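Data block below; observations after.
Everything numeric here is computed off the predicted structure, so don't read it as measured data. Naming: A, B, ... by sequence-line order, numbering from 1 per chain. Computed over heavy atoms, backbone and side chain alike; hydrogens, waters and symmetry mates excluded.
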Amino acid sequence: MILIENLHKKFGKNEVLSGVDLEIKGGGIFAILGPNGSGKTTLIKSILGMVIPNKGAILVDGKSIRKNWKYRQHIDYLPQIANFPGNLRVKELIRMIQDLRQKPSEADQLIGFFDLKPFLDKKLGTLSGGTKQKVNIVLTFMFDSPLIILDEPTNGLDPASLLRLKELILVEKNKGKTFLITSHIMQFVEEMADEIVYLLEGKIYFRGTKEALMARTGQSDFEHAIAAIATTPADA
Amino acid sequence: MLKILKYSYYDLIRSRWSYVYFLFYLALGFVLLFLNNDLSKAVITLMNVIIVLVPLIGTIFGVMYFYNSKEFTELLLAQPLKRSSIFLGQYFGVAGSLTLSLILGLGIPFTLYGLFKSNAIWDFSLLLATGAFLTLIFTALAFNIAISNENRIKGFGYAVLLWLFLAVVYDGLFLMSLIVFEEYPLDSYSLLATMLNPIDLSRTLILLKLDISALLGYTGAVFKQFFGTDAGLMVSVAMLSMWTVLPLWRLAYKSKHKDF
């Protein structure tokens with residue numbers, strides 16, 4: 001589904017990605033983890049074509065994404081910081097994205113699911129962080145795309161909404177969709193992820209299941225295993 | 001692109017600034033007509049206002065809109081849309097709403113005053129066309145500056161400097177160079193120098209059409225002598241189009257190579 005070969009990206013002198021190779025076949029939840037500044041968001045934005053790599057190739061469904069934009073029709077993306085044009089109403093934003101995508105959407109159902117009905121006529125600038133994130137989630141999940149990319153999806157959500165988000169992710173996963181998720185909440189990752197991709201200093205340092213990760217680090221607790229992996233030698 | 005244009009346009013129409021700009025021109029139109037009591041004279045006064053003010057508003061609005069819509073742009077970038085259509089759509093949204101404010105704001109008072117029955121109608125239309133061109137040109141230049149500068153303060157500074165340079169400093173330098181090199185033949189030099197500044201070019205274009213030799217100045221006279229009135233008009237319109245197309249081309253090019 002996604003094939004990344006020898007991906008390099010520099011911002012000025014700062015080399016963020018230095019030779020990432022990654023292949024993700026369809027189906028399941030892939031957690032992209034790594035310390036702050038390890039290039040998680042850059043990797044995701046490269047897949048989306050928002051960041052243009054210096055070197056390397058990215059193929060989505062077998063086609064190179066260079067100079068291509070139509071492939072984004074099949075990707076849903078939840079950005080890290082939910083900043084929307086402030087003087088638009090929630091309803092208008094949802095309608096606008098629907099209009100731009102021209103795909104059937106399940107917005108009404110999701111709006112009910114996240115209790116957003118009372119906010120539909122409010123301007124986006126006046127919403128709280130958590131509510132904005134819920135709007136963000138509705139915008140992401142309302143289309144039926146095979147690949148869903150979530151950048152810190154748990155940001156600002158209250159426990160009830162977090163439960164609903166998890167439920168939603170599992171429902172979509174069972175339909176055979178692929179998820180790429182970054183998160184710093186290890187509990188969330190442990191619960192949801194099928195596979196871990198660990199980025200360190202612009203390279204993929206570890207890839208495998210949770211069990212493989214714990215076995216490699218010799219830790220019995222997932223959170224400690226993640227914290228320990230950066231100091232564990234690669235061939236251990 | 002048309003969809004982006006539509007949403008940018010709606011967004012702007014809803015902001016207070018479009019109305020302020022529209023009301024300003026409306027008031028200006030009425031006041032000038034009231035004071036001059038004559039359509040042709042009002043057109044001349046208006047020209048002086050337009051060729052300085054329209055570029056300023058275009059520049060500032062363009063930079064402001066670009067930086068303010070950063071979030072909107074990022075939202076759009078993740079959608080299945082072509083990059084150049086996102087930016088060109090936003091550009092035409094801004095330039096379109098500014099042009100509309102200008103045309104309606106000035107058009108309403110002049111029409112009420114009996115523009116369609118007078119023979120100043122072509123002069124007035126040319127004035128509006130030039131105003132529209134200047135809006136397109138300076139909004140495009142502003143977008144170029146904004147896309148190349150992440151830092152808002154810097155971007156804003158460059159934009160204002162650009163306006164100051166083209167509206168004021170350029171003329172001063174040009175005049176000084178004419179004095180310094182007065183012993184040399186300066187015809188083609190001054191022709192070129194005029195064409196390289198859209199504001200000077202607009203002024204010459206309007207004055208050529210109005211046929212007021214007294215206001216034409218040296219450059220205008222050279223222009224008229226060289227091209228004649230009709231060819232002069234054509235050449236200046238062609239140059240103004242170049243001034244619009246080139247920045248737009250760079251904007252489209254830059255937008256394809258930028259990281260967000």
Measure the shortest side-chain to side-chain distance between [X] and [Y] over non-hydrogen atoms and say whether it is less than 4.5 angstrom.
{"X": "B:Leu248", "Y": "B:Phe92", "result": "yes"}
{"X": "B:Ile145", "Y": "B:Phe66", "result": "no"}
{"X": "B:Phe165", "Y": "B:Val160", "result": "no"}
{"X": "A:Leu180", "Y": "A:Leu150", "result": "no"}

Quiz item: Can you say whether B:Leu75 sits under 4.5 Å from chain A via the side chain, the backbone, both, or neither, judging by heavy atoms?
Solution: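 Side chain of B:Leu75 only, per the 4.5 Å heavy-atom cut-off to chain A.
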
Quiz item: A:Ile75, A:Leu48, A:Ile97: which one forms the most heavy-atom pairs within less than 4.5 Å of chain B?
Solution: A:Ile97

Quiz item: Between A:Leu88, A:Leu139, A:Ile52, A:Val51, which residue shows the highest count of heavy-atom pairs closer than 4.5 Å to chain B?
Solution: A:Ile52

Are there donor-acceptor pairs under 3.5 Å across chain B and chain A? List atom names and distances.
unit_1, atom_1, unit_2, atom_2, d
B:Lys3, NZ, A:Asp99, O, 3.1
B:Tyr7, OH, A:Asp99, OD2, 2.8
B:Arg14, NH1, A:Asn87, O, 3.3
B:Arg14, NH1, A:Glu92, OE1, 3.3
B:Arg14, NH2, A:Glu92, OE2, 3.4
B:Leu77, O, A:Arg72, NE, 3.2
B:Gln79, O, A:Arg72, NE, 2.9
B:Gln79, OE1, A:Arg101, NE, 2.8
B:Leu81, O, A:Arg72, NH2, 2.9
B:Arg83, NH2, A:Gly49, O, 2.9
B:Arg83, NH2, A:Met50, O, 2.8
B:Asp259, OD1, A:Lys9, NZ, 3.4
B:Asp259, OD1, A:Ile52, N, 2.7
B:Asp259, OD2, A:Lys9, NZ, 2.6
B:Phe260, N, A:Met50, O, 3.0
B:Phe260, O, A:Lys45, NZ, 3.3

Quiz item: How far apart are the C-alpha atoms of B:Ile50 and B:Thr130, what are their side-chain angles, what is the distance that settles it, and do they pass the side chain to side chain contact (heavy atoms under 4.5 Å, CB included) test?
Solution: CA-CA 9 Å; B:Ile50 281 189; B:Thr130 318; 5.8 Å; no

Self-check item: Between B:Leu81, B:Leu77, B:Leu76, the one whose heavy-atom pairs under 4.5 Å with chain A are most numerous
Solution: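 Counting heavy-atom pairs under 4.5 Å, the top option is B:Leu81.
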
Quiz item: Does B:Trp249 use its side chain to pair, donor to acceptor, with the backbone of B:Thr244 at less than 3.5 Å?
Solution: no

Practice problem: Could you tell me whether B:Phe30 and B:Phe34 have their ring centroids closer than 6.0 angstrom? | Solution: no

Exercise. Examine whether an atom of A:Ile149 lies under 4.5 Å from a heavy atom of chain B, and if so say whether it belongs to the side chain, the backbone or both; otherwise answer neither.
Key: neither

Practice problem: Count the heavy atoms belonging to other residues, nucleotides or ligands that lie under 6.0 Å from CD1 of B:Ile153, then report whether that count exceeds 12. | Solution: no

